[in-house]
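For reference, positions follow the sequence shown, starting with 1. Fair warning: this is a prediction, and the values are worked out from it, not measured in the lab.
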Amino acid sequence: MLPESGELFAPAKLTVELRVTGLRDDGMHLIDAEMVTLDVGDTLSISPADGESSVTYRGLWSGDASTADLVTRALAVLGETRTVEVDKVIPPGAGLGGGSADAAAVLRAGGFDDLDRAAALGADVAFCLVGGRARVRGIGEVVETIAHRLQTFTLLTPPVHCSTPAVYQRWDALGGPTGEAGNDLEPAALSVAPELARWRDQLSEHSGQRPRLAGSGSTWFVEGAFPGDGYVVARTIDGSQVPAN
């Protein structure tokens with residue numbers, strides 16, 4: 001049962017590698033990916049609701065209807081109503097699972113562990129519910145935990161919103177290209193938002209490495225700590241370090 005009130009931590013996820021392996025009959029893409037949980041994330045403050053559930057945002061971002069809907073749908077899965085205020089650290093449209101992480105934090109606090117139903121809310125919700133380091137397949141509902149590795153990443157999130165459906169549609173239109181840096185969606189994301197290349201090159205110059213794109217974008221990342229203005233240095237955490245409430 002979800003606590004009446006309290007704070008929940010919703011850690012960001014990073015897709016280290018992503019291959020698109022097929023297409024289901026319903027049009028959903030199948031993936032084979034490695035995902036890890038980071039030590040940065042959102043904080044959700046929950047309290048009793050006066051009637052229906054409501055979700056508001058403060059901090060980095062004021063929120064949008066689709067992400068708020070993920071949280072309210074997670075509450076509905078639990079059969080709960082709450083007032084939720086989200087201190088937003090994970091930017092939207094960044095490939096870091098912000099909305100999914102928020103929904104998963106609610107489900108986890110409610111003791112929910114059905115990965116198929118979690119993935120039905122959003123493809124990344126199942127992994128965010130499990131946390132740690134995992135191989136993720138299917139549409140995101142198959143989560144195979146693998147040994148944790150302490151890793152440090154430097155992230156650069158440009159002020160560019162990447163729509164996941166638009167990136168997948170462009171991937172299809174391009175004939176299903178293979179991403180040379182381990183992410184098959186990278187060519188499609190660059191086609192949808194060519195300005196991403198400028199931020200990739202900025203991180204490359206800053207770190208001396210070839211950046212990789214996180215999921216469908218827009219965040220670029222490299223392994224290692226390269227602090228600086230506009231860069232976020234984050235470390236991986238294992239599933240046991242993701243608090244239930």
Side-chain angles (χ1 to χ4, degrees), residues 1-3 6-15 26-29 31 33 35 37-38 40-47 49 51-131 134 136 138-143 157 161-168 185 214-219 242-245:
M1 179 178 292
L2 189 67
E7 288 193 345
L8 311 176
F9 180 57
K13 66 91 186 178
L14 182 65
T15 303
D26 61 3
M28 295 290 288
H29 291 81
I31 64 168
M35 299 183 185
T37 302
L38 302 179
V40 296
D42 299 339
T43 300
L44 286 67
S45 299
I46 61 172
S47 58
E52 296 183 350
S53 295
S54 63
V55 183
T56 57
Y57 294 81
R58 55 179 182 256
L60 175 69
W61 176 57
S62 60
D64 68 19
S66 62
T67 301
D69 184 55
L70 265 183
V71 176
T72 54
R73 287 168 61 197
L75 288 166
V77 165
L78 296 176
E80 304 272 13
T81 58
R82 293 290 188 278
T83 296
V84 183
E85 291 187 338
V86 184
D87 279 319
K88 202 71 181 138
V89 171
I90 309 170
L96 300 176
S100 296
D102 295 345
V106 171
L107 295 176
R108 187 165 49 249
F112 187 85
D113 61 3
D114 187 328
L115 298 187
D116 288 306
R117 291 184 68 190
L121 292 177
D124 291 330
V125 177
F127 169 74
C128 290
L129 183 59
V130 174
V136 180
I139 63 166
E141 81 282 10
V142 182
V143 182
T157 301
H161 184 286
C162 279
S163 163
T164 297
V167 171
Y168 272 105
L185 295 181
S216 58
S218 60
T219 297
V242 180
N245 54 54

Peer 1: Tell me every residue that passes side chain to side chain contact (heavy atoms under 4.5 Å, CB included) with Ser47, counting only those two or more places apart in sequence or in another chain.
Peer 2: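 Here the qualifying residues are Thr83.
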Peer 1: Under 4.5 Å between any side-chain heavy atoms of Val86 and Thr56, yes or no?
Peer 2: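 SC-SC contact between Val86 and Thr56 ruled out.
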Peer 1: Are Leu129 and Val143 packed together at the side-chain level, in the sense that at least one heavy-atom pair is separated by less than 4.5 angstrom?
Peer 2: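 No, too far: nothing below the 4.5 Å cut-off.
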Peer 1: Testing Val55, Leu75, Val71 one by one against Arg82 for a side-chain contact (heavy atoms from CB on, under 4.5 Å), which residue passes?
Peer 2: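 So, applying the side-chain contact (heavy atoms from CB on, under 4.5 Å) to Arg82 and each of Val55, Leu75, Val71, only Leu75 qualifies.
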Peer 1: Under 4.5 Å between any side-chain heavy atoms of Glu80 and Val106, yes or no?
Peer 2: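 No; the side chains remain at least 4.5 Å from each other.
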Peer 1: Measuring from atom CG of Asp102 to atom CG of Leu70, what distance do you get when rounded to the nearest 0.5 angstrom?
Peer 2: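 Atom-to-atom, Asp102:CG and Leu70:CG are 8.5 Å apart.
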Peer 1: Can you name the side-chain hydrogen bond (donor to acceptor under 3.5 Å, both in side chains) partners of Glu141, sequence neighbours left out?
Peer 2: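 Glu141 satisfies side-chain hydrogen bond (donor to acceptor under 3.5 Å, both in side chains) with no other residue.
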Peer 1: Got a sec, which residues hit side-chain hydrogen bond (donor to acceptor under 3.5 Å, both in side chains) with Ser53, two or more places apart in sequence or on another chain?
Peer 2: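 None.
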Peer 1: Which pairs pass salt bridge (charged side-chain N to carboxylate O under 4.0 Å, His left out) with one or both residues in residues 109-121, sequence neighbours excluded?
Peer 2: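 Listed once each, the pairs would be none.
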Peer 1: Only counting residues at least two apart or in another chain, list the ones meeting side-chain hydrogen bond (donor to acceptor under 3.5 Å, both in side chains) with Thr164.
Peer 2: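 Per chain and number, Thr164 pairs via side-chain hydrogen bond (donor to acceptor under 3.5 Å, both in side chains) with Ser216.
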Peer 1: Go through the steps to decide whether Thr157 and Leu96 satisfy the test side chain to side chain contact (heavy atoms under 4.5 Å, CB included), and finish with yes or no.
Peer 2: CA-CA 10 Å; Thr157 301; Leu96 300 176; 4.2 Å; yes
Peer 1: For Phe112, enumerate each residue passing the ring pair (Phe, Tyr, Trp, His ring centres under 6.0 Å) test, keeping only those at least two apart in sequence or located in another chain.
Peer 2: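 For Phe112, no residue satisfies ring pair (Phe, Tyr, Trp, His ring centres under 6.0 Å) once neighbours in sequence are set aside.
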